[in-house]
Amino acid sequence: MVDGVSFTVAAGEIVGLIGLNGAGKTSLIDCIAGLARPDAGAVTVAGQQPGSVAARRATGVLLQQPGLPARLTVAETLALFAGLHGVGVDERLAAALGLDAFSDRRVDRLSGGQAQRLALALALQSGAPALLLDEPATALDPLMRRDLAALLGQRRAAGAAILLATHDLAEAASLCDRVVVLHHGQLVAQGRPGDLGASLTDIVLAGAA
Amino acid sequence: MRRLLWANLMATFRNPMALIYGWLFPLIFLAGFWALYGDDPLPLALHAGQFFTITILGSAAFGLPTQMVAEREAGLWRHYALTPAPRWRFVLALVLARAVLLAGALILQHVAARALGMPALPHPVSTTLALIVASLCFLCIGALIGSLVGNVPAVQALGQCIFLPMLIIGGVAVPLASLPDWALPLSNLLPGRHAVVAIQTAVTGTGTRAAGFELVMLAGHGALALVAAVILFRWEPGGRVQIGRRGWWLALVAAAWLALAGLAHSRARPVPAPPDRAEAGMVADYVRGVEAVARVSKIVPEVKAHPQPLPQAGGEPVVPEPQPVPEPVAPTPDLPAPDLDAIAFERLPPDSGLVAPIAAEPPDEALASALARIERQVAKWPPASEWDAVQQVRNLLLIAAVPDLLQMDPLERHLPLLVEAQLQARFGARLPALLAAVALDPQAGSVAARADLPALGLPAHTGAEGPVRGRMMLYAFKLLGRVTGRRVGDPPGPGA
């Protein structure tokens with residue numbers, strides 16, 4: 001349950017959503033993506049109601065459990081979701097994420113890291129101005145994490161508003177312009193990582209204390 | 001939409017279990033029916049309604065919800081719901097892909113049934129219509145199950161709760177004619193019965209017009225299931241369905257379903273008889289003493305092959321469609337006129353019975369229309385223009401004999417009267433001799449015209465000739481009794 005949380009993510013900004021397990025990060029992502037409806041309060045995405053067609057068009061989402069079509073190949077999955085978003089397959093993005101090496105492999109035969117790269121490609125290839133990424137670095141090797149950071153930097157530079165939920169405090173500190181710290185559904189801190197007066201680890205643990 | 005449909009087709013056809021359950025199992029069921037009913041007068045056709053319905057039930061009411069729930073549990077639907085594409089398209093694409101799989105299964109099953117001896121479909125359009133309506137109905141029921149339950153094992157459990165009653169007391173696996181009395185009213189409540197009757201009427205009956213009520217019932221069940229599926233639909237995996245305010249709508253759907261079931265119960269038709277395996281008997285059973293066969297006749301001259309003009313409904317004679325009537329290649333033999341006293345008409349099966357029935361009442365409107373259509377086709381039917389008069393009589397008698405074997409009630413009871421009218425119009429006073437010739441020597445001549453019956457909208461007959469020759473003999477005796485005034489209707493019972 002999330003309560004009393006209020007923040008914005010501006011264009012050209014990466015905001016990190018951090019907290020321990022059960023802090024409410026995924027619930028918040030679901031509300032912003034339109035998959036769950038808040039009992040009270042308001043959420044807008046690019047000025048639209050979450051879940052509306054306009055909001056869905058404006059948002060690229062990576063869920064913690066992305067739900068991929070098991071019996072399609074990587075290339076078929078990219079083409080399918082590109083079609084659903086009304087865009088073409090972004091071959092450069094696919095290559096940047098290393099998907100071209102196994103584009104003919106069926107999704108149910110991918111490793112965890114390969115599936116995560118595919119899910120990332122699906123979220124990013126729509127070119128949406130808002131990105132919701134729930135644990136994007138999960139199962140990625142260090143090289144791919146580095147490449148992901150570069151990709152997100154490019155999107156930020158292109159004006160995307162990115163909300164990134166993560167456990168990885170080092171990643172949040174290095175990638176994010178601001179962070180929002182949640183604990184038990186409450187907002188316990190937010191601001192630039194360097195302006196919070198303590199390390200992110202201390203803040204997260206203090207919230208839990 | 002095309003991309004989504006294609007993706008769903010790929011997902012379906014790359015799933016070995018979908019192919020095993022969708023395509024292999026229907027063939028196994030068919031083989032089972034063949035093992036049980038292979039000695040029917042018409043192999044498999046009399047059970048087509050059953051095995052086609054089992055295929056539809058398995059694929060639509062089991063396969064579809066299993067796939068729906070599995071994809072929802074895997075989070076795929078949740079992922080779809082994040083895209084800007086209209087959400088109904090995802091469900092429609094899934095259902096269409098399942099429909100393609102199901103259509104393939106039905107075609108495969110039909111091809112296999114034909115290879116095992118089932119005759120060609122006499123009403124392919126009607127059969128296709130019945131299969132489509134039944135498939136849509138059960139796809140909607142499958143969508144309802146998929147919306148209602150939270151995981152794949154629950155699909156299996158709920159599916160069995162729906163599937164098994166339909167199989168056992170719904171006329172799908174156990175024929176309606178074999179059900180106890182208490183089960184018949186229950187079968188009216190289940191769409192399986194309506195599917196079986198609608199398909200069977202198209203395959204061995206007069207087409208789907210005669211099964212209009214069953215088609216309406218299937219459409220009703222399907223529509224109500226679809227409404228309930230839409231009310232309960234969810235993208236999120238797991239857990240129990242939250243009914244909440246939707247309960248009122250569901251109560252309305254339940255009330256409409258009860259009304260539909262009540263209508264089905266009030267309009268229930270008699271249960272069709274089981275396939276008729278009764279023996280027709282032998283010629284000696286219907287003449288008085290063995291010696292009577294020898295003295296049954298006197299010579300009558302000049303029985304000609306050329307048919308007379310056919311009567312119209314209003315009584316005016318009408319010349320049939322121009323058909324070249326071949327000149328006899330050999331003189332038509334003189335035929336014996338029957339010694340009617342030697343024929344034991346009273347031993348013939350009753351007209352109101354199962355074997356060789358003849359209607360005592362006029363046909364209703366729908367049946368009269370079907371009979372008129374058959375009558376029009378008879379005028380153009382080549383076996384009805386056979387140059388050999390006795391063979392022509394045999395061919396026409398097949399129009400009554402085959403539907404009798406196939407238990408095509410109520411048509412089977414009215415066709416003998418149609419045949420009688422045709423024979424009288426064609427042969428007039430010479431008819432008794434011709435009928436006697438067929439009745440007294442049922443093994444003579446050909447019954448090949450039984451394969452041409454689909455031209456009349458009737459099923460062809462395949463397999464052994466014996467049963468059909470027996471029914472032909474019985475109708476020859478019965479019509480002989482009728483046209484000579486020796487036997488008109490059933491003799492009065494003991495209390496009459």
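Chain identifiers are assigned alphabetically (A, B, ...) following the order of the sequence lines, protein sequences preceding nucleic acid strands; residue numbering begins at 1 within each chain. All values below come from the heavy atoms of this structure, side chains included, with hydrogens, waters and symmetry mates left out.
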Which distance, rounded to the nearest 0.5 Å, do you find between the [atom1] of [X] and the [atom2] of [Y]?
X	Y	atom1	atom2	answer
A:Thr73	B:Met10	OG1	CE	10.0 Å
A:Leu84	B:Leu4	CG	CG	5.0 Å
A:Arg71	B:Asn15	CZ	CG	3.5 Å
A:Leu72	B:Arg14	CG	CZ	6.0 Å
A:Leu35	B:Arg78	CG	CZ	4.5 Å

Around atom [atom1] of [X], are there more than 12 heavy atoms of other residues, nucleotides or ligands at under 6.0 Å?
X	atom1	result
B:Phe13	CZ	yes
A:Asp141	CG	yes
A:Gln65	CD	no

For this session: For each of B:Trp77, B:Trp235, B:Trp6, tally heavy-atom pairs with chain A at distances under 4.5 Å, and name the one with the top tally.
Result: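 Answer, by heavy-atom pair count under 4.5 Å with chain A: B:Trp6.
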For this session: Begin with the C-alpha distance, continue with both residues' side-chain angles, and end with the deciding distance and a verdict on side chain to side chain contact (heavy atoms under 4.5 Å, CB included) for B:His79 and A:Val61.
Result: CA-CA 9 Å; B:His79 199 168; A:Val61 184; over 6 Å; no
Problem set entry | Side chain, backbone, both or neither of A:Ala54 within contact of chain B (heavy atoms, under 4.5 Å) |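 A:Ala54 has no heavy atom closer than 4.5 Å to chain B.
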Exercise. By a 4.5 Å heavy-atom criterion (distance strictly below it), what part of A:Asp30 contacts chain B: side chain, backbone, both, or neither?
Worked result: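 Looking at A:Asp30, just its side chain touches chain B.
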For this session: Below 4.5 Å from any heavy atom of chain A, which atoms of B:Glu236 appear? Answer side chain, backbone, both or neither.
Result: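 Just the side chain, heavy atoms under 4.5 Å.
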Exercise. Is chain A contacted by the side chain of B:Ala74, its backbone, both, or neither, given a heavy-atom distance below 4.5 Å?
Worked result: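 For B:Ala74, backbone heavy atoms alone lie under 4.5 Å from chain A.
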For this session: Would you check, one step at a time, whether the test side chain to side chain contact (heavy atoms under 4.5 Å, CB included) holds for A:Leu80 with B:Tyr80?
Result: CA-CA 10 Å; A:Leu80 171 65; B:Tyr80 281 150; 3.8 Å; yes
